[in-house]
Amino acid sequence: MSELTEQIKLALAEKSIPEKAAFFPRFFKTKPGEYGEGDKFLGVIVPELRKISKSCFKEISLDEIRQLLQDEYHEVRLTAIFILVYRYEKLKTEEARKVLVDFYIEHLDFVNNWDLVDSSCHKILGHYFRKKDKYLFYEFAESGQLWRQRIAMISTYHWIKRGEFEDVFAIAELLVFHPHDLIQKAVGWMLREIGNQDLKSELAFLRMYFRTMPRTALRYAIEKLDSDLRQKILAGEDF
């Protein structure tokens, strides 16, 4: 462990809030059989993680980031994630971005809860692969691995914000009947974001699936729709 990583971990420990340390394991489902089984928490809130990440992202090495990313404590891993995002956003060349993207993909086993996924994948993978072949996301969607499947769906957020929906719908079709609520929520969320850009496109997709897709995904997808339309969809009526 380097001196810098030790300093970062010490800084995080100093920001620990006992009440949060007790609450987070329940919030992130760490009991046996739950999606965050066995994860450990210091009890540090996100604004503090971001402050620490911003203070060191320029000087820290990839090896030191690796040490943080492999840590047993959730907040240490999330700090590493924030550092990677801040670093990526400052990179100017394709070569430098590829190095960081390859590093991120190599360490996906440690991007192992929904907040780590949602804080990073669309900003790194979504950005990098926007104009490239999207095969990786289809592989993730069909992998059977929960966090890679969520990465596949949430990474599309970057494309949605730029009005590019083709791959989003294709990946959503692969995951629309997924049994886990974290994937159902991801699918519904991205469909809702499409609706914010182009409501006709979202509704066209929903017409194919609204009677059969999981209720959680549907509710997320239609959350911002007009009340009358939302109730019609929930009732299974044509719209």
Side-chain angles (χ1 to χ4, degrees), residues 27-29 34-36 81 85 104-105 108 111-239:
F27 184 72
F28 287 100
K29 308 295 185 184
E34 294 182 323
Y35 62 74
I81 289 295
V85 171
Y104 181 82
I105 293 171
L108 282 184
V111 186
N112 56 357
N113 214 311
W114 58 263
D115 58 331
L116 281 77
V117 169
D118 297 0
S119 298
S120 59
C121 65
H122 63 99
K123 296 180 179 181
I124 296 176
L125 299 185
H127 180 278
Y128 183 77
F129 285 99
R130 180 188 168 202
K131 296 297 185 181
K132 298 178 176 63
D133 192 302
K134 308 292 196 302
Y135 73 91
L136 181 70
F137 303 95
Y138 292 91
E139 287 184 359
F140 285 173
E142 297 180 310
S143 69
Q145 299 179 42
L146 180 67
W147 302 124
R148 280 168 170 74
Q149 290 174 316
R150 189 166 173 103
I151 286 168
M153 195 72 254
I154 301 300
S155 292
T156 71
Y157 190 26
H158 184 81
W159 316 331
I160 292 169
K161 289 188 288 186
R162 287 148 185 82
E164 300 163 5
F165 306 144
E166 181 179 355
D167 287 294
V168 187
F169 285 134
I171 292 169
E173 284 189 314
L174 293 175
L175 296 172
V176 69
F177 298 113
H178 197 285
H180 202 291
D181 70 329
L182 283 177
I183 304 302
Q184 295 171 20
K185 290 174 181 178
V187 171
W189 174 16
M190 292 303 104
L191 291 175
R192 185 175 73 232
E193 292 298 334
I194 288 176
N196 290 339
Q197 302 281 338
D198 183 346
L199 182 57
K200 288 183 178 179
S201 292
E202 181 194 8
L203 294 180
F205 183 90
L206 288 177
R207 286 188 182 97
M208 295 187 290
Y209 294 107
F210 77 104
R211 290 192 177 97
T212 54
M213 66 193 291
R215 210 67 168 175
T216 297
L218 182 62
R219 288 186 179 278
Y220 265 65
I222 66 175
E223 184 179 18
K224 299 295 180 64
L225 299 184
D226 173 84
S227 178
D228 290 341
L229 177 56
R230 190 168 65 249
Q231 293 307 315
K232 183 177 287 190
I233 292 173
L234 289 172
E237 300 174 7
D238 290 333
F239 59 93

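In this pair, Phe140 and Phe137 present their aromatic rings perpendicular. The plane angle is above 60°, beyond the 30 to 60° band. By the 30° and 60° cut-offs, the orientation of the rings of Phe169 relative to Phe205 is parallel.
When every heavy atom of Thr216 is checked against every heavy atom of Lys185, the shortest pair comes out as CG2-CG, 3.6 Å. Residues Asn113 and Gly36 approach most closely at ND2-CA, 4.1 Å, considering heavy atoms. Across Met153 and Thr156, no two heavy atoms sit closer than the pair O-OG1, 2.6 Å. Shortest non-hydrogen contact noted between Arg211 and Glu237 is NH2-C, 4.0 Å. Here the closest heavy-atom approach between residue Val111 and residue Ser120 is recorded as CG1-OG, 4.3 Å.
Residue Ile154 holds its CD1 atom at 8.0 Å from NE2 of His122, rounded to the nearest 0.5 Å. Note that the CD1 atom of Ile160 and the CZ atom of Arg192 stand 10.5 Å from one another [nearest 0.5 Å].
Scanning for side chain to side chain contact (heavy atoms under 4.5 Å, CB included) contacts around Glu34 gives Lys29, Lys31, with sequence neighbours left out. In terms of the salt bridge (charged side-chain N to carboxylate O under 4.0 Å, His left out) criterion, Asp198 has no residue partners (sequence neighbours excluded). A search for salt bridge (charged side-chain N to carboxylate O under 4.0 Å, His left out) contacts involving Arg207 returns nothing, not counting sequence neighbours.
Listed by first and then second residue, the side chain to side chain donor-acceptor pair (under 3.5 Å) pairs involving residues 146-155 are Asp109-Arg148, Asp118-Arg150, Gln145-Arg148, Gln149-His178 (not counting sequence neighbours). Judged as a ring-ring contact (aromatic ring centres under 6.0 Å, His included), the pairs with a partner in residues 212-239 (not counting sequence neighbours) are, in order, Phe210-Phe239.
Side chains of Tyr35 and Asn112: no donor on one and acceptor on the other come within 3.5 Å.
With hydrogens and angles ignored, the 3.5 Å screen pairs a side-chain donor or acceptor of Lys132 with a backbone N or O of Tyr128. Put simply, the side chain of Trp159 gets close to the backbone of Gly126: a donor and an acceptor are under 3.5 Å apart. Side-chain N or O atoms of Gln184 include one that pairs as donor or acceptor with a backbone N or O of Pro179 at under 3.5 Å.
Contact of the Asp115 side chain with the Phe28 side chain is registered, since non-hydrogen atoms from C-beta on lie closer than 4.5 Å. Side-chain contact between Glu223 and Arg219: absent, with no pair of heavy atoms (C-beta onward) separated by less than 4.5 Å.
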Tell me which donor-acceptor pairs under 3.5 Å the side chains of residues 224-234 have, and how far apart each pair is, sequence neighbours excluded?
from: Asp226; atom 1: OD2; to: Asp228; atom 2: N; distance (Å): 3.0
from: Asp226; atom 1: OD2; to: Leu229; atom 2: N; distance (Å): 3.4
from: Arg230; atom 1: NH1; to: Leu225; atom 2: O; distance (Å): 2.7

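No cation-pi contact links Lys131 to Phe129, judged by a cut-off of 6.0 Å to the six-membered ring centre and 45° from its axis.
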